[in-house]
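Every value quoted in this text rests on a predicted model; they were computed, and no experiment measured them.
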Amino acid sequence: MKNISIFLLGLFLVLSCQEKTVDTDSLRTESSTKVNYASSLDTGKGIINNANSPHAKLKSIDIGDCRWTEGFWAEKWKIAEEVMIPRMGTILKGDIGHGYNNFKIAAGIQEGEHKGFWWHDGDFYKWMEASTYIYAINKDEKIVAELDEIIEVIAKAQQKDGYLSTPIIIRDDLEPFTNRRYHELYNSGHLMTAACIHNRVTGKTNFLDIAVKHADYLYDLFSPKPDHLKRFGFNQTQIMGLVELYRTTKDKRYLELAEQFINMRGTYKIEDDETTKGYPIGDMVQERVALREETEAVGHAVLALYYYAGAADVYAETGEKALIDALDRLWENVTLKKMYVTGAVGQTHYGRSSRLDKIEEGFIDEYMMPNMTAYNETCANICNSMFNHRMLTLSGNSKHADIMELVLHNSGLSGISLDGTHYYYSNPLRKIEGALDYDKMNVEFPERQPYLQCFCCPPNLVRTIAQSPGWAYSKSENGISVNLYGGNKLETNLLDGTVIKLKQETDYPWNGTVKITIEECKDSPYELLLRIPEWAKGTKVTVNNQSVDNIIPGNFAKIERKWTAGDIILLDMPMETKFVEGHPRIEEVRNQVAVKRGPVVYCIESADLPSQTDITSVYLSSNKMLVPTNRPDFLGGVTTLEGEILIRKDKLEGMYREVSAPIFEKYKTNLIPYYAWSNRGQGEMTVFLPVIWGQ
């Protein structure tokens with residue numbers, strides 16, 4: 001009997017193995033996951049790894065192929081390396097930020113209670129991802145050692161079935177996936193994304209093992225489409241994470257599940273139930289209308305833009321026309337009707353959608369753009385750039401890179417102090433002393449803070465700065481597109497495998513002259529795509545002092561030729577100081593203008609005005625030139641706009657009064673880049689200013 005049992009067991013195992021390997025393209029089984037996935041890891045190492053995505057027109061360069069070498073972004077990246085990330089790590093690994101402590105408690109190696117919001121795990125993963133980008137450039141092995149130590153703790157915190165979200169693990173009174181406000185899938189998305197980046201940069205699978213185990217848990221849980229889970233996934237980072245995990249492991253289940261989270265939206269009755277208690281429903285979480293039918297950006301701005309970015313990732317793999325049509329519509333709605341001049345999004349802290357759902361931290365009606373109460377969460381602004389980065393790769397249209405750049409130079413950087421130590425959550429376009437009662441607010445502050453209890457924005461901003469070299473270039477079908485300008489060096493392989501090396505020298509964004517030198521390339525012809533920003537009218541381009549024709553602002557200039565080492569491309573983008581007015585329906589800025597030079601939006605603040613001057617008394621004169629002045633020792637090194645303004649001296653009493661010709665006093669001062677405001681103590685600030693024409 002013993003021999004017969006052994007024989008039958010062996011036969012069963014053989015048949016089982018045959019059944020699992022009949023179709024090599026079929027979805028992998030749970031038992032084969034850890035054995036097989038490592039051997040199929042993608043060799044692509046882009047931030048969004050679209051190397052094999054059939055519907056992406058522009059492909060990512062590998063992480064580490066480009067590095068900032070001088071100028072604006074080199075300085076910001078250096079601060080991220082030396083100050084932002086180390087300081088943030090100290091906070092998150094200590095008792096103030098308590099992110100690492102939560103993992104230790106969940107792992108059973110430390111006593112205590114969970115601290116922080118439900119989504120704090122995800123914020124910790126963002127910091128880990130940012131650290132990995134830094135390592136990709138500086139190769140400091142201490143970073144990898146620190147991450148390995150953390151990953152070991154996270155692995156111990158993970159449950160046997162793959163579940164991983166510390167608030168639920170630590171607390172005894174909660175079960176997984178019983179209420180979507182616990183943000184479990186938000187944590188999941190950042191886990192999967194950070195793990196994929198870690199694998200691409202280090203080649204290790206210790207973090208990826210955790211992500212794969214967790215993704216398998218999610219697939220088993222959600223793929224049957226149980227009724228009680230249909231409304232989860234409202235903070236849609238898991239879509240991006242699942243697509244990156246699919247790209248990394250080639251496991252089609254992850255792409256299938258990512259698409260399922262898109263498909264579930266707008267397919268059920270919008271009413272409160274046990275899974276939604278404690279959080280607004282409907283448009284707030286983009287669930288009232290299915291994505292493919294949506295015509296308007298609604299609800300929480302971060303939730304919406306993560307959703308759109310995830311859908312863009314799915315489209316890159318599936319090519320579904322309904323998806324890209326919806327994303328194009330939503331891009332136009334955001335960009336042309338709900339975006340600030342700084343690239344910021346999310347007009348209000350509290351409000352309602354056009355379909356009368358309660359919303360928080362998000363979009364409201366078209367052209368309703370308050371300045372003083374503008375919410376513009378740093379995360380939302382960063383998400384806008386993430387979405388546009390993806391849309392750039394799908395369409396090859398430079399308008400998306402223009403928005404990406406606008407955010408990076410303005411509403412993204414405004415979320416952190418110049419020294420990299422203090423943070424803003426919201427980013428208004430005007431501040432008036434005494435107008436807001438900050439004691440009654442939870443994320444609005446009169447000055448940047450050394451720590452935010454809701455810590456989602458700081459690591460999001462820092463990881464964006466850390467990964468910015470990877471956004472500077474993309475690979476076209478037969479060449480390279482230049483997406484961002486800044487002093488850098490690029491060494492990468494074109495899609496045909498040949499090596500290309502470029503050097504970019506420039507004082508951009510303070511100066512519009514960019515010199516690109518070909519240092520190494522293939523012998524056969526290929527193309528360089530140079531982004532000509534929409535604002536850069538009159539741009540001239542030369543190759544080896546020979547003019548290039550058909551330079552159209554708002555497009556890529558395509559130069560295809562046989563290049564040789566030593567070839568020099570010169571761009572001359574006129575950096576004119578321009579007044580920018582809003583759409584006539586934006587009531588808040590009627591008869592006012594913003595000042596913009598190149599990609600940089602300017603503002604004026606109290607520090608540059610006479611004492612006791614109200615910011616609302618400041619006017620611009622159309623006849624007075626604002627002269628660009630390079631000031632390397634001011635506000636971290638900026639170009640200010642110096643000139644004469646007008647200060648209204650007669651004061652308004654009460655809400656309304658009769659008025660005669662106002663009394664103005666001339667005053668010579670300067671405007672500063674918006675991102676640099678609030679670095680000289682408390683005071684007032686405004687981006688939009690009334691202008692006196694002909695005076």
Side-chain angles (χ1 to χ4, degrees), residues 41-53 56-74 76-78 80-81 129-140 143-144 193 196-204 244 247-248 316 385-386 389-390 392-393 396 401 404-405 408 463-506 514-522 526-531 556 563 565 567 569:
L41 293 181
D42 198 337
T43 56
K45 297 178 181 179
I47 295 168
I48 48 173
N49 188 20
N50 57 12
N52 297 311
S53 302
K57 291 183 179 179
L58 296 177
K59 310 292 188 177
S60 299
I61 61 172
D62 286 354
I63 303 166
D65 281 359
C66 174
R67 62 183 64 210
W68 301 118
T69 55
E70 62 180 7
F72 185 88
W73 284 113
K76 300 302 179 188
W77 197 93
K78 197 69 174 176
E81 176 190 26
E129 182 184 344
S131 298
T132 307
Y133 293 129
I134 296 296
Y135 170 74
I137 300 295
N138 70 12
K139 299 301 181 183
D140 183 353
I143 295 175
V144 175
T193 298
C196 288
I197 297 300
H198 181 266
N199 169 257
R200 290 168 196 168
V201 171
T202 69
K204 296 187 174 187
E244 289 305 331
R247 290 167 170 167
T248 301
S385 64
M386 291 172 60
H389 180 218
R390 284 162 168 79
L392 169 67
T393 67
M404 201 168 77
E405 176 184 72
L408 289 176
R463 74 166 176 161
T464 302
I465 296 172
Q467 70 180 309
S468 60
W471 289 11
Y473 298 91
S474 298
K475 302 177 186 180
S476 65
E477 185 175 358
N478 183 35
I480 284 287
S481 71
V482 185
N483 306 326
L484 297 175
Y485 295 113
N488 66 60
K489 285 193 174 184
L490 171 72
E491 180 176 351
T492 192
N493 295 97
L494 299 179
L495 295 182
D496 62 7
T498 58
V499 173
I500 184 170
K501 295 181 182 180
L502 306 178
K503 179 173 69 174
Q504 191 177 145
E505 299 169 277
T506 179
V514 179
K515 177 183 177 182
I516 299 175
T517 304
I518 308 293
E519 296 190 325
E520 184 178 333
C521 64
K522 64 180 180 180
Y526 63 93
E527 64 184 14
L528 278 184
L529 302 175
L530 307 176
R531 181 176 63 89
F556 279 108
W563 300 89
D567 284 345
I569 304 98

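In this structure the side chain of Ile48 reaches within 4.5 angstrom of the side chain of Arg390, judged on heavy atoms. Taking the side chain as every heavy atom from C-beta outward, Met404 and Leu484 approach each other to under 4.5 Å. Using a 4.5 Å cut-off on side-chain heavy atoms (C-beta onward), Ser476 and Leu58 make contact. Side-chain atoms of Leu528 and Trp563, non-hydrogen and from C-beta on, do get closer than 4.5 Å to each other. Lys515 places none of its side-chain heavy atoms less than 4.5 Å from the side chain of Gln504. For the pair Ile480 and Leu529, the minimum side-chain heavy-atom distance is 4.5 Å or more. The shortest distance between side-chain heavy atoms of Phe556 and Leu530 does not fall below 4.5 Å. Considering only heavy atoms from C-beta on, Trp471 comes within 4.5 Å of Leu408 through its side chain.
Lys57 contributes atom NZ, which lies 11.0 Å from atom CG of Leu392 (distance to the nearest 0.5 angstrom). The CD1 atom of Ile500 sits 8.5 Å away from atom OG1 of Thr492, with the distance rounded to the nearest 0.5 Å. Atom OG of Ser131 and atom NE2 of His198 lie 10.0 Å apart (nearest 0.5 Å). A distance of 9.5 Å separates CG of Asp65 from CD1 of Ile63, quoted to the nearest 0.5 Å.
When every heavy atom of Asp140 is checked against every heavy atom of Tyr135, the shortest pair comes out as O-CD1, 3.3 Å. The minimum heavy-atom distance linking Asn478 with Tyr526 is given by the pair O-CB, 3.3 Å. Of all heavy-atom pairs spanning Ile197 and Gly46, the tightest one is CD1-O, 4.4 Å. In this structure, Asn49 and Arg247 approach most closely via the heavy-atom pair O-CD, 3.1 Å. Heavy atoms only, all atoms of each residue included: Cys66 and Pro469 are closest at O-CB, 3.2 Å. Nearest heavy atoms, Ile137 versus Gly64: CD1-CA, 3.8 Å.
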Inset, instruction - Test Ser468 against Trp68 for side chain to side chain contact (heavy atoms under 4.5 Å, CB included), laying out the working first. - result: CA-CA 9 Å; Ser468 60; Trp68 301 118; 2.9 Å; yes
Inset, instruction - Could you check Met386 against Thr464 for side chain to side chain contact (heavy atoms under 4.5 Å, CB included), going step by step and ending with a plain yes or no? - result: CA-CA 9 Å; Met386 291 172 60; Thr464 302; 5.5 Å; no
Legend entry - Lys59/Thr393 under side chain to side chain contact (heavy atoms under 4.5 Å, CB included): CA gap, chis, key distance, verdict: CA-CA 6 Å; Lys59 310 292 188 177; Thr393 67; over 6 Å; no
Inset, instruction - Report the C-alpha distance between Ile143 and Ile134 in whole Å, list the side-chain angles of each, state the deciding distance to 0.1 Å, and finish with yes or no for side chain to side chain contact (heavy atoms under 4.5 Å, CB included). - result: CA-CA 9 Å; Ile143 295 175; Ile134 296 296; 4.0 Å; yes
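Surrounding CD of Glu477 are at most 12 heavy atoms belonging to other residues, nucleotides or ligands under 6.0 Å away. More than 12 non-hydrogen atoms from other residues, nucleotides or ligands lie less than 6.0 angstrom from NZ of Lys522.
The side-chain contact (heavy atoms from CB on, under 4.5 Å) test with Ile61 is passed by exactly one of Ile47, Leu490, Asn493: Leu490.
In this structure, Glu519 does not pair ionically with Lys501, as no charged nitrogen and carboxylate oxygen lie closer than 4.0 Å. At a threshold of 4.0 Å, the pair Glu405-Arg531 counts as salt-bridged, since one of the basic side-chain nitrogens sits closer than that to a carboxylate oxygen. Taking a cutoff of 4.0 Å between a charged side-chain nitrogen and a carboxylate oxygen, Arg200 and Glu244 qualify as a salt bridge.
Side-chain polar atoms of Asn483 and Ser474 form a donor-acceptor pair below 3.5 angstrom. Side-chain atoms of Tyr473 and Asn488 form a donor-acceptor pair, as typed in the model, at a separation below 3.5 Å.
Cation-pi contact between Lys76 and Phe72: present, with separation from the ring centre below 6.0 Å and deviation from the ring axis of at most 45°.
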